[in-house]
Structures are given as C-alpha cells and as structure tokens.
2 protein chains.
Amino acid sequence: MTADQSLLADCRARLAFDLLANTWNAVVIWALRDGPERPGRLRERIGGISPKVLTETLSRLRFNGLVERRAHPGAPPRVEYGLTELGRSLLPPIEAFGAWAFRHGDEVMAAQERAESTDHRRP
Amino acid sequence: MTADQSLLADCRARLAFDLLANTWNAVVIWALRDGPERPGRLRERIGGISPKVLTETLSRLRFNGLVERRAHPGAPPRVEYGLTELGRSLLPPIEAFGAWAFRHGDEVMAAQERAESTDHRRP
DNA sequence: CAGAATCCTTTACGATACTG
DNA sequence: CAGTATCGTAAAGGATTCTG
C-alpha cells in the first residue's frame with residue numbers, strides 16, 4: 001500500500017481535509033493566531049463574514065476541539081474565543097498555505113483569466 | 001498593518017483558502033501526486049466520489065491552472081489528468097496537512113465524541 | 001470509458017429581526 | 001454585544017441516464 005493510498009483511505013486524513021473544506025474555518029483559525037478575541041473584533045479583522053456565520057464557524061471549531069470559549073461575567077456580555085493547543089498545532093500547515101498564496105496566488109488568477117477568455121464559463 | 005491582517009485582507013490569500021474550501025479539491029490534487037491518471041483509476045484510488053463530482057472537480061482545478069488534461073486519440077477514449085507545475089507547487093502545503101492529520105486526527109475525533117455526548121447536537 | 005444532462009437533497013451562506 | 005430564530009438563495013454533492 002503506497003503512502004498516498006493510505007492517506008486517502010485513512011479516515012483521519014479525510015477528517016483533516018474536511019476541516020478546511022469550507023470558506024471560513026481556516027480564516028477564523030488564522031484570525032485567532034495572536035490570541036483570544038471577542039466576536040465583534042473578529043468580525044472586524046476578518047471582514048465580509050456575517051455574525052451568524054461567524055457564530056456557526058466558532059461553534060463548529062469548538063465542536064472539533066480547535067477553539068475554546070471563555071465568558072466573563074457581568075453586563076454587557078463579554079466573551080472571548082481562543083485556540084486550544086490542538087488548534088494552535090494547526091497554525092503551521094495553514095501558514096504554509098498562506099505562504100504559498102503569496103508566492104503563487106497571481107499565477108492562479110492569471111490562469112483563471114486565461115480560462116475565462118477561452119471557455120466563456122466558470123466551473 | 002500586522003501580518004495576519006495583511007494576509008486576511010490580501011485577495012490572493014482568500015483565493016488560496018478557497019482552493020481548499022470544498023470537499024474534493026485537495027483530495028484530487030493529492031491523488032495526482034505520483035503522476036497523471038485516468039479518471040477511472042482516480043475514482044478507484046479516491047473512493048466515495050461520484051463520476052460527476054470528479055469531472056466537476058477536475059474541471060475546476062483545470063480552470064485554476066492546477067491540473068491539465070491530455071486526450072489520446074482513438075477508441076475507446078483514453079484521457080489523462082496530471083498536475084501542472086503550479087499544481088505540484090501545492091503539494092508541500094497539502095502534505096503538511098496530511099502529516100498533521102496523522103498526528104492529531106485522533107484528537108479531533110476524541111473532541112467530537114466528547115462534544116456529541118455533551119451538546120447532543122453537531123454544528 | 002469519458003463526460004454531459006437531468007433531477008433531487010442537503011447544506012452553506014446571507015439578511016433580518018429578536019432576546020438577554 | 002452575544003447569540004438565536006427564521007427565511008430565502010445559491011451552490012455542492014449524489015444518483016441516474018444517455019451519447020460519442
């Protein structure tokens with residue numbers, strides 16, 4: 001059994017790919033890299049994410065053990081979300097991706113423009 | 001402007017995250033790491049992907065310049081898909097993710113089971 | 001066998017309004 | 001301000017069928 005076959009067959013690998021298989025998970029994890037943040041500030045830093053979707057994303061990350069929630073007593077409500085140790089262990093792979101984006105992102109955009117002018121449709 | 005703000009604001013980074021923001025892109029790229037493959041074999045190696053979704057995924061990856069298609073003449077049709085140089089440059093970051101999965105995948109599953117027995121619902 | 005076409009279900013995401 | 005509820009749209013994914 002070759003390495004990639006075992007990777008594809010192993011449910012842990014598929015589980016890990018699923019962690020990135022949506023628009024916001026990686027972005028939110030990355031936005032928490034410097035430390036815990038309140039939801040309001042998170043939305044400012046991320047930009048373009050609705051309150052509802054941020055709540056859903058944080059809940060999903062919490063479900064997967066990557067993020068933890070801390071509520072401070074009193075009013076107005078003050079809540080903070082931060083990465084768990086498991087969540088922090090995910091930062092290097094995500095950072096590898098960010099680095100790739102800076103190096104090759106323009107090549108992807110160039111390929112897209114080339115394809116659009118040829119095929120007239122976007123898959 | 002801090003590093004993560006610039007990363008989040010840069011459209012190249014969001015574009016890169018979007019490349020992984022679906023179930024199959026990363027899996028198919030990984031399955032092509034050893035060299036070009038025919039769609040039929042790809043489906044065998046990947047497992048659990050329908051012909052239609054594989055076609056769509058390959059078309060999407062081609063649109064983004066990560067995969068190229070080569071058709072050999074004659075009948076029955078023989079087609080191969082392989083990574084472009086740009087697509088191959090994406091393998092190290094994806095591999096970093098696979099390595100993370102082998103190390104921490106069971107922790108994620110443990111967290112999920114813990115959450116399921118507590119919250120009674122899965123986000 | 002490749003892959004396009006059709007139909008269907010589920011889910012992600014967004015906008016809005018409301019509660020504590 | 002945090003979080004939920006509701007509604008609506010769009011896209012992803014799956015099953016099936018058909019053609020070159």
Side-chain angles (χ1 to χ4, degrees), chain A residues 8 14-15 17-29 31-32 36-64 67-82 112 115 119-123, chain B residues 8 14-15 17-29 31-32 36-64 67-82 115 118-123:
Chain A
L8 291 174
R14 296 296 279 270
L15 187 148
F17 284 144
D18 283 346
L19 287 182
L20 292 201
N22 71 67
T23 311
W24 297 112
N25 274 13
V27 176
V28 170
I29 292 172
L32 288 172
E37 287 277 14
R38 302 179 58 182
R41 270 211 41 132
L42 271 179
R43 286 200 289 124
E44 289 172 18
R45 292 179 68 168
I46 293 172
I49 187 172
S50 72
K52 177 202 155 197
V53 173
L54 176 61
T55 298
E56 284 174 354
T57 304
L58 288 169
S59 166
R60 193 165 44 222
L61 294 175
R62 213 149 61 103
F63 180 85
N64 289 313
V67 156
E68 62 192 353
R69 177 186 187 272
R70 259 165 297 172
H72 304 262
R78 178 184 173 84
V79 181
E80 277 190 337
Y81 289 88
Q112 288 179 352
D119 309 49
H120 293 281
R121 67 183 163 127
R122 180 188 203 103
Chain B
L8 291 172
R14 296 296 280 269
L15 187 148
F17 283 143
D18 283 347
L19 287 183
L20 294 200
N22 72 68
T23 310
W24 297 111
N25 274 13
V27 176
V28 170
I29 292 173
L32 289 172
E37 287 279 13
R38 300 178 60 183
R41 271 210 42 130
L42 269 180
R43 287 201 289 122
E44 288 172 17
R45 293 180 65 168
I46 293 174
I49 187 172
S50 72
K52 177 203 154 198
V53 173
L54 177 61
T55 298
E56 285 173 353
T57 303
L58 288 169
S59 166
R60 194 166 42 223
L61 294 174
R62 213 149 61 104
F63 179 86
N64 290 313
V67 157
E68 62 192 353
R69 177 185 187 273
R70 257 164 301 171
H72 305 262
R78 178 182 173 86
V79 180
E80 276 190 337
Y81 289 89
T118 304
D119 308 48
H120 294 279
R121 66 181 165 131
R122 181 189 202 103

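What you see is a predicted model; the values in this text were computed from it and never measured. Letters A, B, ... mirror the listed sequences (proteins, then strands); counts begin at 1. We use all heavy atoms of the structure for the numbers below, so side chains are in, but hydrogens, waters and symmetry mates are not.
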Which residue is it: B/Val79, B/Leu42, B/Ile46? I am looking for the one with a side chain to side chain contact (heavy atoms under 4.5 Å, CB included) to B/Glu37.
B/Leu42

What does the B/S/- profile of nucleotides 15-20 of chain C look like, 5' to 3', with a 4.0 Å heavy-atom cutoff to protein?
B----B

Minimal non-hydrogen separation, B/Pro39 against B/Tyr81, with atom names:
CG-CE1, 3.7 Å

Global bending angle along the helix from C/dC1-D/dG20 to C/dG20-D/dC1, which compares the axes of five pairs at either end, to 10 degrees
30°

Mind checking what makes side chain to side chain contact (heavy atoms under 4.5 Å, CB included) contact with A/Glu68, not counting sequence neighbours?
A/Arg70, A/Thr84

Who passes side chain to side chain contact (heavy atoms under 4.5 Å, CB included) against A/Arg78, sequence neighbours left out?
A/Arg38, A/His72, A/Glu80

Between D/dA2 atom P and A/Arg78 atom CZ, what is the distance in whole Å?
9 Å

Rounded to whole angstrom units, what separation is found between the CZ atom of A/Arg62 and the C1' atom of D/dA2?
12 Å

Where the side chain of B/Pro39 is concerned, which of C/dG3, D/dG14, D/dT4 is the nearest nucleotide?
C/dG3

Of residues 18-25 of chain A, the positions that come close to DNA chain C - non-hydrogen atoms, cut-off under 4.0 Å:
A/Thr23, A/Trp24

Please work out if B/Gly74 contacts a base, only the sugar-phosphate, or nothing of the nucleic acid, heavy-atom cut-off 4.0 Å.
nothing

Can you tell me if B/Tyr81 touches the phosphate of C/dC1, counting only side-chain N or O atoms and a distance under 4.0 Å to OP1 or OP2?
no

Is the shortest distance from a Lys or Arg side-chain nitrogen in B/Arg60 or B/Glu56 to a carboxylate oxygen in the other one below 4.0 Å?
no

Take the protein atom CG of B/Leu54 and the nucleotide atom C1' of D/dG13, then report the distance between them rounded to whole Å.
13 Å

Whole Å only: how far is the CG atom of A/Leu58 from the P atom of C/dA12?
15 Å

Measure from CZ on B/Phe17 to C1' on C/dC13 and round the result to the nearest Å.
19 Å

Using only side-chain N and O atoms of A/Arg43, determine if any of them is under 4.0 Å from OP1 or OP2 of D/dA2.
no

What nucleotide among C/dC13, D/dG13, D/dA2 has an atom nearest to a side-chain atom of A/Arg60?
C/dC13

Please list, chain by chain and in numerical order, all residues satisfying side chain to side chain contact (heavy atoms under 4.5 Å, CB included) with B/Leu61, sequence neighbours excluded.
B/Asn25, B/Val28, B/Ile29, B/Thr57, B/Leu66, B/Val67

What is the minimum heavy-atom distance between A/Ala115 and B/Phe63, and which atoms define it?
CB-CD1, 3.5 Å

Can you identify which nucleotide, out of D/dG14, C/dC1, C/dG3, has its nearest atom closest to the B/Arg38 side chain?
C/dC1

Take the protein atom CZ of B/Arg69 and the nucleotide atom C1' of C/dG3, then report the distance between them rounded to whole Å.
9 Å

Listed partners of B/Thr55 passing side chain to side chain contact (heavy atoms under 4.5 Å, CB included), at least two apart
none

Going from CG on B/Asp18 to CG on A/Leu20, what distance comes out if it is rounded to the nearest 0.5 angstrom?
12.0 Å

Within-4.5 Å side-chain heavy-atom neighbours: A/Arg14 and B/Thr23
no

In whole Å, what is the span from the CG atom of B/Leu61 to the P atom of D/dA12?
13 Å

NE2 of B/His72 versus P of C/dG3: gap in Å, rounded?
12 Å

